[in-house]
Amino acid sequence: MAVTQRRGRRIMMTPGELDEFLTTQRTCRVASVSKDGVPHVSALWFTWDGTSLWLYSVVRSKRWVQLRNDPRVAVVIDSGEEYGELRGVELSGTVEFVGEFPRTGELCAELDVPETLFARKNFGLEEMPHDGRHAWMRLTPDAIASWDFRKLPPM
C-alpha cells in the first residue's frame, strides 16, 4: 500500500511502529453509514495480521447491518491521555465478510490466523470460542493515516 499521508509525515508511524501498535491495541472505533446517510460509530475488538484488520462483530448489531448494506468503512485505533502521548491510526476502505455468519466454528482456512491471533490477544486462549452471535469482517485498507505525538519536540 502506498503512503497516503500528506500532512504530519514527521509524526507518522513507521511500518514497524504501525504493526506493533495495531498488534498490541485491543479496541477500535468503527464508522459506518446508514442507508439514509446517518453516520454511526461503535467500539469493537479487532486483530491485525500485518496486512488486514479483522473485525469480529455481533451480526445483529447496527454496525453489521449498515456494513452489509454499504461496506465502506473508516476505523480509528488510538491511545494516550496527555498531548505528548497521543498515538493513533485511521484505516479506511471496504470490508469483506469472511466465513459463515453467525460464526459457529465451521472449518474456514482463511480464518485460522485471525482467529488464533484474536483468541490469544483477547481471551488468552489458543482456540477461538464461538458463540453463534458474531462473524468476521476483513478490512484490507485502501488508506492509512497515523500519528505519534511522542515524536514531537517537547513544548
Side-chain angles (χ1 to χ4, degrees), residues 1-9 11-80 86-123 125 127-148:
M1 165 185 311
V3 174
T4 58
Q5 192 162 335
R6 293 184 183 173
R7 292 181 160 180
R9 284 185 181 264
I11 62 170
M12 70 186 264
M13 293 181 192
T14 66
E17 291 167 341
L18 184 69
D19 276 338
E20 185 275 333
F21 185 76
L22 292 174
T23 300
T24 58
Q25 296 299 305
R26 177 179 278 177
T27 306
C28 66
R29 284 178 267 320
V30 179
S32 57
V33 180
S34 68
K35 284 183 180 181
D36 60 359
V38 175
H40 173 68
V41 178
S42 58
L44 189 63
W45 280 358
F46 70 94
T47 197
W48 173 253
D49 68 6
T51 304
S52 298
L53 196 73
W54 291 85
L55 306 166
Y56 196 55
S57 176
V58 172
V59 298
R60 293 182 145 218
S61 67
K62 184 176 190 177
R63 166 187 53 247
W64 181 270
V65 171
Q66 288 179 344
L67 289 170
R68 290 290 295 167
N69 289 325
D70 183 348
R72 295 174 299 163
V73 68
V75 177
V76 171
I77 302 104
D78 61 347
S79 71
L86 299 177
R87 299 185 299 157
V89 180
E90 178 187 14
L91 306 98
S92 59
T94 303
V95 294
E96 299 172 76
F97 298 86
V98 182
E100 85 273 19
F101 46 91
R103 181 92 172 109
T104 59
E106 183 178 303
L107 288 178
C108 180
E110 197 171 6
L111 292 174
D112 288 347
V113 170
E115 286 190 341
T116 300
L117 293 171
F118 192 90
R120 285 178 184 159
K121 179 166 93 171
N122 296 306
F123 305 123
L125 301 172
E127 203 170 291
M128 185 74 182
H130 300 287
D131 63 8
R133 298 182 316 126
H134 290 78
W136 288 101
M137 294 178 278
R138 175 180 51 219
L139 171 60
T140 305
D142 296 329
I144 297 177
S146 65
W147 56 95
D148 185 345

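- Minimum heavy-atom separation, L86 to G80: CD2-O, 3.6 Å.
- A donor-acceptor contact shorter than 3.5 Å links the side chain of K121 to the backbone of Q25.
- Looking at S52, its side chain never comes within 3.5 Å of a backbone N or O of R138 through a donor-acceptor pair.
- What you find for G99 and C108 is that their closest heavy atoms are CA-SG, 4.2 Å.
- Taking every heavy atom of both residues into account, A31 and V41 meet most closely at CB-CG2, 4.1 Å.
- Of the inter-residue distances, the one linking T94 atom OG1 with M137 atom CE reads 12.5 Å to the nearest 0.5 angstrom.
- Here the closest non-hydrogen pair linking L91 and W48 is CD2-CZ3, 4.0 Å.
- At distances below 3.5 Å, at least one donor-acceptor pair connects side-chain atoms of N69 with backbone N or O atoms of V65.
- Nearest approach of T27 to A43, heavy atoms of both residues: CG2-CB, 4.0 Å.
- For E100 (side chain) and G105 (main-chain N/O), a donor-acceptor pair under 3.5 Å exists by modelled atom type.
- With respect to the salt-bridge test (charged N to carboxylate O, under 4.0 angstrom), the residues R29 and D78 qualify.
- Ring geometry for H134 against Y56 counts as parallel: the plane angle stays under 30°, on a 0 to 90° scale with 60° as the upper cut.
- Enclosure of atom CZ in R26 by more than 12 non-hydrogen atoms of other residues, nucleotides or ligands within 6.0 angstrom is indicated.
- Smallest separation of non-hydrogen atoms from T47 and P114: CG2-O, 3.6 Å.
- When each of W136, F46, W54 is checked for a ring pair (Phe, Tyr, Trp, His ring centres under 6.0 Å) with F118, only W136 meets the rule.
- For R68, there are no side chain to side chain donor-acceptor pair (under 3.5 Å) partners at least two apart in sequence or on another chain.
- Other residues, nucleotides and ligands contribute at most 12 non-hydrogen atoms within 6.0 Å of the CD atom of E127.
- With sequence neighbours excluded, no residue satisfies salt bridge (Lys or Arg N to Asp or Glu O under 4.0 Å) with R63.
- Of the charged side-chain nitrogens involved, at least one lies within less than 4.0 Å of a carboxylate oxygen, so that R103 and E115 count as a salt-bridged pair.
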